[in-house]
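Here the structure comes first, spelled out in structure tokens, and everything after it is commentary.
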Amino acid sequence: MTFAEYVKIRQEKFGAVIFETLKEKIFVTNKTGKAILNLLNQGYSLDKIIANLTDNYEADMAEIIKNDVVTFINQLKDNNILLNDSSNPITQ
Amino acid sequence: MNPITFEDLQAPLFVAWQINSACNLECLHCCEEAGHRIPGELNKQEVFHFLQQIVELNIPYVAISGGEPFLHPHFFTICEFLSKHNISIKVETNGEFIDEEKAKKIAQLRFRSVQISLDGATASTHERLRLRGDWNKAVSACRLLIKKGVNTEIVFVPTKFNIQEIGQLIDLAYSLGVYGIYTGKIMRIGRAAKNWDILCPSEKDYESFFKTLNDKVDYYDGKMKVYYYPYDVIEELKYRLKFPAASLLVLPNGKVKLIGPLPFICGDLKKQSLTEVWQNYKRAWRNPKVIEFAQRVIANPKLLAESNRWRKV
């Protein structure tokens, strides 16, 4: 998974801002979203992101986190922030 | 999570930079009144000091306009710097200096887009509004950029002279293969404010204009972006009083305007850091002097003519 070419991400105290500069759309996310974006930026796969974030939690909590991560990543894909192919470089 | 406002951000998300005031044209509706040289424009060293701060603050998106930006002696050096630091660049131009070689360079630098002003579907209409302008050169620039794979956008400002050509222009834009066409009501600022009586379309003209736009939005859905901003500058001002943008408008001399339609200067990049200017910008929107003047402008739009008589806040 890679970020689309004109997507820029900036870390903020509250979390992060995602700016899709081609469509001029801005999204904000909290600190959990910021952590996921950082892992995506490091090239982590979905499974590795989930494993990383659920590492210190019990199974029932881990399931909740997993669902949140999947939902968040699907939202990024639906808004063309994140692409499945590897033709575009990650930008940050 | 509480709604985020511009005050929560450590830096602007967008910089609109009028890089120079020099222009080869003298458009009747120019909101910057470009064409004359503003004293004290940023020199190369000051420009790069500013650019360095844009990078350090991780500002993701810079729109470069003028004047005519291609007349700036360091235009491509500036763009190379921004591109190297992965900042999205949009350039707003009359297109007349874009030849094969420049189009190639723009494509290599991966600009987010080039926005070309095309104020008519025909040369005579465009050139009546854009004095000394050359419609053929602007159209040729679109073709060259599109051929090189550059996201090319067209901007159209409606006036009494050209408003009837919007449908024809949108069709032309599609035939050229542009990424999008953008328009909205003419802004009563700068030279447009001075020429308001001869430029401002009638309500009836606008009615037909927006109807055509709605039809074209539907027709080109999924094929080309047809975007129009339905509000005038007064509506925009009312909105911005409540929700200021996370952006700065930087003038050729390094002074920073609060917003186009108001005359207030909230910083000076020759004397202050970009971070200081950003803090001033945040404070200025809560300044009673600004709020009171903005409300007077809203009540009496003729005051928009003062937008380029800068005053410090």
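Quick caveat, the model's predicted, so the values are computed rather than measured. Just so it is clear: chains get the letters A, B, ... in the order the sequence lines come, proteins before strands, and each one is counted from 1. Side chains included, hydrogens not; waters and symmetry mates left out as well; all remaining heavy atoms used.
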Fill in: A:K13, part contacting chain B, at a heavy-atom distance under 4.5 Å
neither
Worksheet item: Do A:L22 and B:Y61 touch side chain to side chain, with heavy atoms closer than 4.5 Å?
Response: no
Discussion item. For A:K25, is the NZ atom crowded, meaning more than 12 foreign heavy atoms sit under 6.0 Å from it?
Written reply: no
Discussion item. Distance check, rounded to the nearest 0.5 Å: B:L13 atom CG versus A:T21 atom OG1?
Written reply: 11.5 Å
Item to complete: Inspect the surroundings of NZ in B:K148 and state if more than 12 heavy atoms from other residues, nucleotides or ligands are less than 6.0 Å away.
Response: yes
Discussion item. Please determine whether the number of non-hydrogen atoms from other residues, nucleotides or ligands lying under 6.0 Å from atom CE of B:M224 exceeds 12.
Written reply: yes
Worksheet item: What do the steps show when you test B:I59 against A:R10 for side-chain contact (heavy atoms from CB on, under 4.5 Å), and what is the final call?
Response: CA-CA 8 Å; B:I59 296 173; A:R10 190 168 78 196; 4.3 Å; yes
Discussion item. Return the CG to CD1 distance between B:L9 and A:I26, rounded to the nearest 0.5 Å.
Written reply: 8.5 Å
Discussion item. Just checking A:K66: does its NZ atom have more than 12 heavy atoms from other residues, nucleotides or ligands closer to it than 6.0 angstrom?
Written reply: no
Practice prompt. Heavy-atom distances under 4.5 Å only: say whether B:S88 touches chain A with side chain, backbone, both or neither.
Written response: both
Practice prompt. Counting only heavy atoms closer than 4.5 Å, note whether B:A11 contacts chain A via side chain, backbone, both or neither.
Written response: both
Item to complete: Check whether B:L57 gets within reach of chain A through its side chain, its backbone, both or neither, counting any heavy atom under 4.5 Å.
Response: backbone
Worksheet entry | Shortest non-hydrogen separation from B:R110 to A:E5 and the atoms involved | NH2-OE1, 2.6 Å
Worksheet entry | Gap between atom CD of A:E24 and atom OH of B:Y227 - 0.5 Å precision | 8.5 Å
Item to complete: To the nearest 0.5 Å, tell me how far B:N58 CG sits from A:I9 CD1.
Response: 10.0 Å
Practice prompt. Could you go through the side-chain contact (heavy atoms from CB on, under 4.5 Å) check for A:K8 and B:N86 one step at a time?
Written response: CA-CA 9 Å; A:K8 312 292 170 186; B:N86 202 20; 3.0 Å; yes
Item to complete: Kindly say whether B:F111 contributes a backbone atom to a donor-acceptor pair with the side chain of A:Y6 at under 3.5 angstrom?
Response: yes
Worksheet item: Do other residues, nucleotides or ligands put more than 12 heavy atoms under 6.0 Å from the OH atom of B:Y229?
Response: yes
